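To start, the structure itself, in structure tokens.
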Amino acid sequence: MLLLFCIILVFFLALVGNSTMIYYICLDSHLHTLTYFLLSQLSLMDLKCISTTVPKMVYNFLSGHKGISFLGCGIQSFLLLTMASSEVLLLASMAYDHYVAICHPLCYPNLMNRRTCVQMIIASWILGSINSLAHTVYALHILYCQGRAIDHFFCDVPAVLPLACMDTWAYEYTVFVSASLCLLLPFLGITAFYGRVLLAVYHMCSKGGSTKAFTTCSTHLTLVTLYYAPFVYTYLRPRNLCSSAKDEILAFFYTILTPMLNPIISSLRNKEVLGGHEKSVWSILFQEKIVMALLIALFFFPFSR
């Protein structure tokens with residue numbers, strides 16, 4: 001019961017934190033920049049991601065009915081895969097935005113204008129949806145005969161495949177190739193962009209400018225690490241290293257915990273976001289003591305269904 005309370009609290013913090021950040025970015029004219037527009041899209045994706053898993057999980061726990069319909073399983077899998085694919089592409093777009101802003105500031109209005117930003121966001125959503133739709137449709141058409149008990153707290157493709165009564169090695173190979181393209185290519189782009197950024201920061205003459213640039217990049221690199229590490233281990237690891245317990249812990253991290261940490265990492269210490277709102281809900285909900293106590297509770301009570 002304590003773990004359930006912690007999960008509900010995480011959901012509440014993620015919901016309020018990301019919603020508040022989106023609200024402030026829309027409300028404050030000083031934040032009407034492309035960088036913060038991309039950040040608001042990341043918060044929107046986090047809201048959709050955590051809202052896809054936690055409400056159903058809490059309902060199943062409280063009702064005692066640990067089930068989901070076949071169609072509901074497909075919808076949940078589609079939404080989660082869409083958010084996962086779209087987020088990694090959006091992170092690459094944010095890396096490009098930082099690269100142009102720091103390395104080519106004079107060309108920024110031409111290279112990173114509003115039209116380009118909107119095109120990047122639309123492309124992230126569309127490509128993520130197409131990738132997710134292909135995997136979801138195939139997974140729903142597989143013949144299952146190993147029972148209907150999914151060893152997971154949501155419908156994830158790797159958790160559903162063991163229930164198939166046919167050899168799925170070809171599809172697993174396709175998942176590996178797809179994950180490699182969707183994860184590694186954007187990651188290589190992010191690495192290249194930030195490699196150039198760190199080199200430019202190293203050669204900056206202004207100490208204040210270099211500190212601000214380094215802080216911005218380190219914050220974004222932290223987000224990249226939080227998103228990529230669980231995805232890479234889940235979808236690109238060898239089959240002999242598969243473990244349902246590890247899958248659940250990693251999935252808990254990137255579907256529930258990371259959406260809560262995103263607004264804390266990206267904007268709690270950002271004076272431009274906080275602005276004149278120091279007495280807002282942020283200062284009440286995101287105190288370090290509350291967050292640390294919550295994280296300690298989660299680590300002492302590992303997730304289990």
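Since this is a predicted model, take the numbers as computed values, not measurements.
- Within the 4.5 Å cutoff, the side chain of S40 has no heavy atoms near those of the M21 side chain.
- Residue I75 is not grouped with residue F70 when hydrophobic side chains (ILVMFWY) are merged at heavy-atom distances under 4.5 angstrom, including chains of intermediate members.
- Looking at L90 and M45, their side chains come closer than 4.5 Å, going by heavy atoms from C-beta outward.
- T191 places a side-chain N or O within donor-acceptor distance of the main-chain N or O of F187, the cut-off being under 3.5 Å.
- Not one N or O on the side chain of E87 forms a donor-acceptor pair closer than 3.5 Å with the backbone of L42.
- Between the side chain of S43 and the backbone N or O of I22, no donor-acceptor pair lies under 3.5 Å.
- When all heavy atoms of F37 and C117 are compared, the closest pair comes out as CD2-SG, 3.6 Å.
- Residue L62 is grouped with residue M57 when hydrophobic side chains (ILVMFWY) are merged at heavy-atom distances under 4.5 angstrom, including chains of intermediate members.
- By the 30° and 60° cut-offs, the orientation of the rings of Y99 relative to H104 is perpendicular.
- In this structure, the side chain of T20 engages the main chain of V16 through a donor-acceptor pair within 3.5 Å.
- Side-chain contact, T116 with N113: a donor N or O sits under 3.5 Å from an acceptor N or O.
- We find the OG1-OH distance between T33 and Y108 to be 6.5 Å, quoted to the nearest 0.5 Å.
- Between L80 and C49 the shortest side-chain heavy-atom distance falls below 4.5 Å.
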Exercise for the section: Go through the steps for L81 and N131 under the test side-chain contact (heavy atoms from CB on, under 4.5 Å), then give the verdict. Expected result: CA-CA 8 Å; L81 284 175; N131 177 67; 5.6 Å; no
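- Listed here is the closest heavy atom pair of D97 and L34: OD1-CB, 4.4 Å.
- Across all non-hydrogen atoms, the minimal contact from N18 to P259 is ND2-O, 2.9 Å.
- Remark: side-chain polar atoms of H32 are paired, donor with acceptor, to backbone N or O of C26 under 3.5 angstrom.
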